[in-house]
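Accompanying notes for the structure given below.
In what follows, every chain begins at residue 1, and chains take the letters A, B, ... in the order their sequences are listed. All values below come from the heavy atoms of this structure, side chains included, with hydrogens, waters and symmetry mates left out.
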Protein chains: 2
Amino acid sequence: MSPRAGLDTHTLVLAAAELADEQGIAEVTLAGLAAKLGVRSPSLYNHVNGLKELRTLLAIHGLEQLQTAMEASIVGISGDAAVHAMSRAYVEFARQHPGLYETTLRAPEEGNTSLEEAGGQILSLIINVLAGYELGEEGGLHAVRGLRSILHGFASLKNQGGFGMPLDLEVSLTRLIKTFIAGIRCMRSGEESGKE
Amino acid sequence: MSPRAGLDTHTLVLAAAELADEQGIAEVTLAGLAAKLGVRSPSLYNHVNGLKELRTLLAIHGLEQLQTAMEASIVGISGDAAVHAMSRAYVEFARQHPGLYETTLRAPEEGNTSLEEAGGQILSLIINVLAGYELGEEGGLHAVRGLRSILHGFASLKNQGGFGMPLDLEVSLTRLIKTFIAGIRCMRSGEESGKE
DNA sequence: AATATAAACTAATGACATTAGTTTTGCAAG
DNA sequence: CTTGCAAAACTAATGTCATTAGTTTATATT
């Protein structure tokens with residue numbers, strides 16, 4: 001069906017992901033990728049529409065992998081335990097795939113359906129795991145933003161070496177999630193008319 | 001003291017910061033900067049040791065500006081109000097200076113004293129503002145990590161357009177900080193022997 | 001006014017991305 | 001088995017950058 005059957009788009013994306021994780025996101029170049037695949041860089045244009053599209057595909061791939069990891073982490077669990085498990089999975093994914101995770105957050109294209117969908121699925125996952133706290137329509141969405149901020153901020157700072165202090169990182173994350181959950185509970189019990 | 005007195009390092013950094021904020025971090029190139037300054041790119045090497053050093057200087061400048069904004073936001077305030085004010089200032093700085101803020105988090109050089117110092121000062125600021133909660137040595141440091149994660153995560157996602165939902169962003173941040181503070185209080189009152 | 005020096009310049013090299021146009025090869029149809 | 005086509009890979013070429021080397025020029029100090 002295809003001559004010299006060597007490469008296809010998926011192979012490119014996988015190789016690019018390796019490059020991103022091992023060498024850093026700045027080393028994801030068509031030249032470097034071609035070298036890794038034993039091919040000249042113009043050949044890559046048969047499978048991908050330039051560097052920009054490669055980055056978008058990488059972002060989608062990363063989001064899908066992240067989603068898979070998050071889903072797997074919460075099978076059979078619910079409540080606080082699920083929030084903790086999902087949080088650990090998120091941060092652990094970012095640690096194992098620093099480059100891929102980083103591409104995930106750079107939105108290179110507006111209006112890319114696949115990309116938005118992949119992001120939306122992760123959003124749904126977080127919404128579900130927080131659904132048990134009965135925060136209401138609006139409150140739930142604010143809480144989702146909160147948890148996303150926590151997870152991304154922690155993972156990002158950790159990956160960039162932003163936490164200099166000699167203190168166990170796992171403990172820090174566990175405490176942060178505990179604090180978040182406790183805060184949700186306390187705020188709710190302290191509410192009167194739902195205002196503020 | 002200097003011939004053709006046009007440029008100096010500080011001018012370069014300021015112009016690069018403008019470029020970063022207006023055009024995005026990817027457009028911070030020596031070629032672009034030189035064009036903006038009406039000069040040929042090799043001339044920049046008289047003031048800066050290449051693109052990498054420019055990025056480092058940009059990061060330091062950004063951290064200093066951020067620190068100034070955070071400090072200004074809490075003069076005369078303390079307690080919860082200070083945490084809220086500082087958080088707003090942080091996120092607002094990131095909004096006003098998206099490119100500069102982004103450079104801040106990319107640690108391009110290991111062991112750069114000025115860079116580490118600038119980061120350390122922000123850390124101290126956060127430590128101080130959380131000091132009133134009497135979290136103890138270790139607990140305080142975990143809390144600092146937590147707040148940093150929240151602030152960076154929120155600012156970063158907001159800047160990247162990561163929050164798609166049509167929901168007031170200021171409310172989201174205020175709630176998140178409230179939740180964090182409430183969580184800290186609740187966790188503390190629920191403690192027995194200080195374990196876990 | 002003369003000079004030393006720092007700043008700016010031109011020229012050149014090498015890494016990329018990207019485009020155009022050519023060659024090759026695997027598969028399918030005769 | 002051969003022949004042809006389409007996709008994949010190639011070479012060649014262009015343009016943008018960063019960076020280095022070496023030259024020119026302006027100005028501050030003498």
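Taking 4.0 Å as the cut-off between side-chain N and carboxylate O, B/Glu92 and B/Lys158 do not count as a salt-bridged pair. Note on A/Arg106 versus B/Glu102: salt bridge recorded, some NZ/NE/NH1/NH2 to OD/OE distance being below 4.0 Å. Between B/Lys36 and B/Glu18, at least one side-chain nitrogen of the basic residue sits less than 4.0 Å from a carboxylate oxygen of the acidic one, meeting the salt-bridge criterion.
Going from atom OG of B/Ser43 over to atom CG of B/Leu37 covers 10.0 Å, rounded to the nearest 0.5 Å.
Aromatic pair B/Phe154/B/Phe163: ring centres closer than 6.0 Å.
Within a heavy-atom distance below 4.0 Å of DNA chain C, no residue of residues 10-20 of chain A is found. Only B/Asn46, B/His47, listed by number, bring a heavy atom of residues 44-51 of chain B to less than 4.0 angstrom from any atom of DNA chain C. Against DNA chain C, the stretch residues 21-33 of chain A makes heavy-atom approaches under 4.0 Å through A/Thr29, A/Leu30, A/Ala31.
Phosphate contact (OP1/OP2 of C/dC9, side-chain N/O of B/Ser43, threshold under 4.0 Å): present.
Rounded to whole angstrom, the span from the CG atom of A/Leu37 across to the P atom of D/dC10 amounts to 11 Å. Whole-Å rounding puts the A/Leu7 CG to C/dG26 P distance at 14 Å.
No option in B/Leu30, B/Leu44, B/Thr103 other than B/Leu30 meets the side-chain contact (heavy atoms from CB on, under 4.5 Å) test with B/Leu54.
Under 3.5 Å, the side chains of A/His152 and B/Ser156 contain a donor-acceptor pair of N or O atoms. In the model, B/Asp8 has a side-chain atom that pairs as donor or acceptor with a side-chain atom of B/Thr11 under 3.5 Å. Defined by atom type and a distance below 3.5 Å, a donor-acceptor pair is missing between the side-chain atoms of A/Thr9 and A/His47.
When all heavy atoms are compared, the tightest approach of B/Leu135 to B/Ala143 is CD1-CB, 3.6 Å.
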